[in-house]
Amino acid sequence: MGSFSIWHWLIVLAIVVLVFGTKKLKNIGGDLGSAVKGFKDGMRDGTTSEPTDPQKVANATRDDANTVDVETKTKS
């Protein structure tokens, strides 16, 4: 009762293929694979492209036109 047999998993797989289609599942698999590869490469590299000094981060120019610069203030 607690475990599923191979037939249960095959039926679930068939329903998923019918609902999503093979092309969409292939795209999802490719996207997931590239995301995992990018994550592994980032972990292996260990370097960051952005400066870690807070002063450099504050003075860095942004290429994104949608970025909004916000200054926080403390309540008195």
Enquirer: Within this structure, what is the CD1-NZ distance for the pair Ile28 and Lys26, rounded to the nearest 0.5 Å?
Expert: 13.5 Å

Enquirer: For residues Leu13 and Trp9: do they belong to one hydrophobic cluster (side chain heavy atoms under 4.5 Å, members Ile, Leu, Val, Met, Phe, Trp, Tyr)?
Expert: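 Looking at the clustering, Trp9 is in a separate group from Leu13.
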
Enquirer: Do Phe20 and Ile15 sit in the same hydrophobic cluster, where Ile, Leu, Val, Met, Phe, Trp and Tyr count as joined when their side-chain heavy atoms come under 4.5 Å apart?
Expert: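 Result: yes, single cluster for both.
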
Enquirer: Say you draw a straight line from OG of Ser34 to NZ of Lys37; how long is it, rounded to the nearest 0.5 Å?
Expert: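 Ser34 OG to Lys37 NZ: 9.0 Å, rounded to 0.5 Å.
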
Enquirer: Quick one: do Val19 and Val16 end up in the same hydrophobic cluster if we chain Ile, Leu, Val, Met, Phe, Trp and Tyr together by side-chain heavy atoms under 4.5 Å apart?
Expert: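 Both belong to a single hydrophobic cluster.
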
